[in-house]
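Some notes on the structure that comes next.
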Amino acid sequence: SQQGEEDPQALSIQEGENATMNCSYKTSINNLQWYRQNSGRGLVHLILIRSNEREKHSGRLRVTLDTSKKSSSLLITASRAADTASYFCATDALTDSWGKLQFGAGTQVVVTP
Amino acid sequence: DGGITQSPKYLFRKEGQNVTLSCEQNLNHDAMYWYRQDPGQGLRLIYYSQIVNDFQKGDIAEGYSVSREKKESFPLTVTSAQKNPTAFYLCASSLRQGGETQYFGPGTRLLVL
């Protein structure tokens, strides 16, 4: 079952613009993670944010978490053509004692020069 | 050079045939996973292993089998019972628990002849 749902499904922007995508989830979590997948490749971990954190930064990436709304957002600032990829959120549900990640369907981002 | 390797990159299956996908990691991780990805969708968990000689069914285990005889290796067999095996298969590992950061291999694309 998919815990996280990303929005929008697809996003097209020009280089230099910011890209924002959102993730909503259904049950309480231990942490939420964002991954990137280039076409035909494996996933690459971007950021992990824990349930007691509200914001995290990594380079041009900014992630926020609002546990009251059960939602997270990923902001990519000053986008580059190399940021073209699919972005997935994954949640570690509080109810799962061992912790299996549940992935959403992803947001496909296209950055044009 | 640490990481996860998967082979082959492409695999073709004839009807009624079992095929095995290889996954090897040299990260000294305890936990390993197999996911299936269909076009435009997120990842669905097939099997996972928390430790050597132990594995558990994920959300879509029917038609698949695994083994975990060595810490480094977690092969997946797609059996003839899996009627719709065409998909992109991703192997991942994490240090201990499933809710931690997962590291992914490059994937194997399975096609049916």
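Keep in mind that what you see is a predicted model, and the values were worked out from it rather than measured. Naming convention: chains lettered A, B, ... in sequence-line order (proteins, then strands); numbering from 1 in each chain.
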Run the side-chain donor-acceptor check on residues 39-46 of chain A: report pairs under 3.5 Å with partners two or more places apart or on a different chain.
unit_1, atom_1, unit_2, atom_2, d
A:His45, NE2, B:Thr101, OG1, 3.4

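Environment of CD in A:Glu53: crowded, with over 12 heavy atoms of neighbouring residues, nucleotides or ligands closer than 6.0 Å. Around the CD atom of B:Glu62, the shell of radius 6.0 Å holds no more than 12 heavy atoms that belong to other residues, nucleotides or ligands. More than 12 heavy atoms of other shown residues, nucleotides or ligands fall within 6.0 angstrom of atom OH in B:Tyr64. The 12-atom threshold is exceeded at CZ of A:Arg60, counting heavy atoms of other residues, nucleotides or ligands nearer than 6.0 Å.
For A:Leu75, the side chain to side chain contact (heavy atoms under 4.5 Å, CB included) partners two or more places apart in sequence, or in a different chain, are A:Asn18, A:Thr20, A:Arg62, A:Thr77. Residues satisfying the salt bridge (Lys or Arg N to Asp or Glu O under 4.0 Å) test with B:Arg109, not counting sequence neighbours, are none.
When the side chains of ILVMFWY residues are joined at heavy-atom separations under 4.5 Å, either directly or via intervening members, B:Val52 and B:Met32 end up in two distinct hydrophobic clusters. Under a hydrophobic-cluster definition in which Ile, Leu, Val, Met, Phe, Trp and Tyr are linked whenever side-chain heavy atoms come within less than 4.5 Å, directly or via other members, B:Ile60 and A:Leu101 are assigned to different clusters.
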Evaluation steps, side chain to side chain donor-acceptor pair (under 3.5 Å), between B:Gln37 and A:Gln37: CA-CA 12 Å; B:Gln37 186 178 31; A:Gln37 183 182 36; 2.9 Å; yes

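Smallest separation of non-hydrogen atoms from B:Tyr48 and A:Lys100: CE2-CD, 3.2 Å.
Residues of residues 81-91 of chain B lying under 4.5 angstrom from chain A, judged on non-hydrogen atoms, are B:Phe88, B:Leu90 in numerical order.
In this structure, the separation between OH on B:Tyr35 and CZ on A:Phe103 is 4.5 Å, given to the nearest 0.5 Å. Between B:Arg44 atom CZ and A:Gln102 atom CD the span is 11.5 Å, to the nearest 0.5 Å.
When heavy atoms are compared at a cutoff of 4.5 Å, A:Asn30 does not approach chain B at all.
Listed for the A:Asp92 side chain is no donor-acceptor partner under 3.5 Å among the backbone atoms of B:Glu100.
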